[in-house]
Amino acid sequence: MRLILLGPPGAGKGTQAFRLAARVGAPHVATGELLRAARAAETEIGARASEYMDAGELVPDEVVLEILKLRLAEPDASDGFVLDGFPRNAAQAKALDEILEEIGQKLDAVIALDVPDAVIVERLSSRLTCIKCGRVYSPSAPPKEPGRCNADGTELVRRRDDNPAVIQHRLQVYRKETEPLIAYYEDRGLLTHVNGVGGLEEVLDRMVASLPVA
Ligand code: AP5
């Protein structure tokens, strides 16, 4: 199944895309994670993306597309994917249409995860992230050992863009650049809104219930 998860920063896209991917048997492909991994590995793409990410700006389309195409060409993505953080603007949505057309595939569904701004600010202000595997933790879903990732024991950190000024800027960028994609996919009959407030399993069940029957 080929799915897109849309939503503002902090809506829970990463948290849920990871679980949704396991439910539908497709890889979770998150452009933010790919870019952070490229930066940690000190690659050329990581260096080109770094300052945009820290400022809460969108990384230039050509950089994101380069990293995304490489990821989608991996064998595990040949039968489907759960995209998280992509597309982020109209040009990226069109580029994805072209990539899918080239390989004779189409999108199955787009989920818009709805969460009020006040909840987003609270979530991002208390989020801890594993820079090795990308797992995230919060006061309502803490790690078993304080400050350490459950999966690999890596020390958890506050993301560089999770500070109050950059969170506000990311929300503005989302409203201007990404939110218009809701209408783009609604017009094509692909989009369902899902309430992203609630327990992790509850939100996941809502998302699964919104999917077209395979
Ligand atoms: P990216 O990594 O995509 O960040 P984002 O969109 O800002 O989203 P977040 O990762 O902050 O939030 P999320 O929705 O995944 O929430 P999470 O699950 O962590 O992008 C980062 C940067 O990379 C961008 O600013 C840009 O520079 C660049 N970039 C990436 N993609 C790009 C693209 N396509 N084009 C251009 N630039 C790009 O949850 C948040 C917190 O809430 C966590 O602590 C979690 O535990 C908690 N939580 C989640 N669900 C619940 C719940 N139901 N109840 C309580 N707490 C919850």
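Everything numeric in this text was worked out from a predicted model, so none of it was measured. One-based numbering, in listed order, for ligands and for the atoms of each.
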Heavy-atom side-chain contact between Ile167 and Ser125 under 4.5 Å: yes

N/O separation below 3.5 Å, Val64 to ligand 1: no

Ion pair check, Arg123 and Asp162, cut-off under 4.0 Å: no

From CA spacing to verdict: side-chain contact (heavy atoms from CB on, under 4.5 Å), Val59, Ile67: CA-CA 11 Å; Val59 171; Ile67 209 165; over 6 Å; no

Contact summary for Leu124 and Gly10, nearest pair of heavy atoms: CD2-CA, 3.5 Å

Leu34 and Val29, any side-chain heavy atoms less than 4.5 Å apart: yes

Option whose closest heavy atom lies nearest to atom 1 (P) of ligand 1, chosen from Arg170, Arg88, Glu177: Arg88

Passing option when Leu156 is tested against Pro142, Cys149, Pro146 for side chain to side chain contact (heavy atoms under 4.5 Å, CB included): Cys149

Closest to atom 41 (C) of ligand 1 (judged by heavy-atom distance), picking from Arg123, His169, Met53: Arg123

Proximal atoms of ligand 1 relative to Leu200 (non-hydrogen, under 4.0 Å): 50 (N), 51 (C), 52 (C), 53 (N)

Neighbour count >12 (heavy atoms, 6.0 Å) for atom CG, Asp79: no

Identity and distance of the protein heavy atom lying nearest atom 53 (N) of ligand 1: Gly198 O, 2.8 Å

Distance-only N or O hit between ligand 1 and Asp162, under 3.5 Å: no

Nitrogen or oxygen atoms of Gly12 and ligand 1 under 3.5 Å apart: yes

Cluster link Leu96 to Leu35, ILVMFWY, side chain under 4.5 Å: yes

Intermediate values then yes/no, salt bridge (charged side-chain N to carboxylate O under 4.0 Å, His left out), Arg48 and Glu66: CA-CA 12 Å; Arg48 281 157 71 197; Glu66 193 176 330; 3.6 Å; yes

Pro87 vs Leu181 side-chain heavy atoms within contact, under 4.5 Å: yes

Contact check: Pro87 vs ligand 1, nitrogen or oxygen atoms, below 3.5 angstrom: no

Lys/Arg N to Asp/Glu carboxylate O, Glu33 vs Arg159, below 4.0 Å: no

Heavy atom of Pro8, distance to ligand 1 below 4.0 Å: yes

Residues, nucleotides or ligands: over 12 heavy atoms within 6.0 Å of Glu62 CD: yes

salt_bridge(Asp205, Arg23) N-O dist < 4.0 Å: yes

Close approach, Gln16 and ligand 1, non-hydrogen under 4.0 angstrom: no

N or O contact, Ala11 vs ligand 1, cut-off under 3.5 Å: yes

Nitrogen or oxygen atoms of Thr31 and ligand 1 under 3.5 Å apart: yes

More than 12 heavy atoms of other groups within 6.0 Å of Glu122 CD: no

Winner among Arg159, Arg160, Arg19 once heavy atoms are compared against atom 4 (O) of ligand 1: Arg159

Short N or O distance, Leu128 and ligand 1, threshold 3.5 Å exclusive: no

Ionic contact status for Glu202 with Arg206, cut-off 4.0 Å: yes

Pick from Ala30, Gly10, Ser140: the one approaching atom 40 (C) of ligand 1 most closely through a non-hydrogen atom: Gly10

Where ligand 1 meets Lys13 - atom numbers and elements under 4.0 angstrom, heavy-atom basis: 5 (P), 6 (O), 8 (O), 12 (O), 13 (P), 14 (O), 15 (O), 16 (O), 18 (O)

Interfacing atoms of ligand 1 (cut-off 4.0 Å, heavy-atom, Glu57): 26 (C), 27 (O)

Residue Arg36 vicinity, atoms of ligand 1 by number, heavy atom under 4.0 Å: 2 (O), 21 (C)

Atom 44 (O) of ligand 1: the protein heavy-atom neighbour that sits closest, reported with distance to 0.1 Å: Tyr137 O, 3.1 Å

For atom 29 (N) of ligand 1, the protein heavy atom that lies nearest, with its residue and separation: Leu35 CD1, 3.6 Å

Identified side chain to side chain contact (heavy atoms under 4.5 Å, CB included) counterpart of Tyr185 within the set Thr192, Ile4, Ile111: Ile4

Shortest protein contact, atom 43 (C) of ligand 1 (heavy atom only): Arg127 CD, 3.7 Å

For atom 35 (N) of ligand 1, the protein heavy atom that lies nearest, with its residue and separation: Gln92 NE2, 2.9 Å

Close N or O approach (Glu33, ligand 1; < 3.5 Å): no

Those atoms of ligand 1 less than 4.0 Å from some heavy atom in Thr15: 17 (P), 18 (O), 39 (O), 45 (C), 49 (C)

Element-labelled atoms of ligand 1 that are located less than 4.0 Å from some non-hydrogen atom of Leu58: 36 (C), 37 (N)

Close-contact set for ligand 1 against Gly196 heavy atoms, below 4.0 Å: 53 (N)

Pair Arg188, Tyr184: side-chain N/O donor-acceptor within cut-off below 3.5 Å: yes

Contacting atoms of ligand 1, where contact means under 4.0 angstrom from a heavy atom of Gly14: 13 (P), 15 (O), 18 (O)

Atom 37 (N) of ligand 1 [closest protein heavy-atom partner, distance rounded to 0.1 Å]: Val59 N, 2.9 Å

Ligand 1 contact by Gly7, heavy-atom criterion under 4.0 angstrom: no

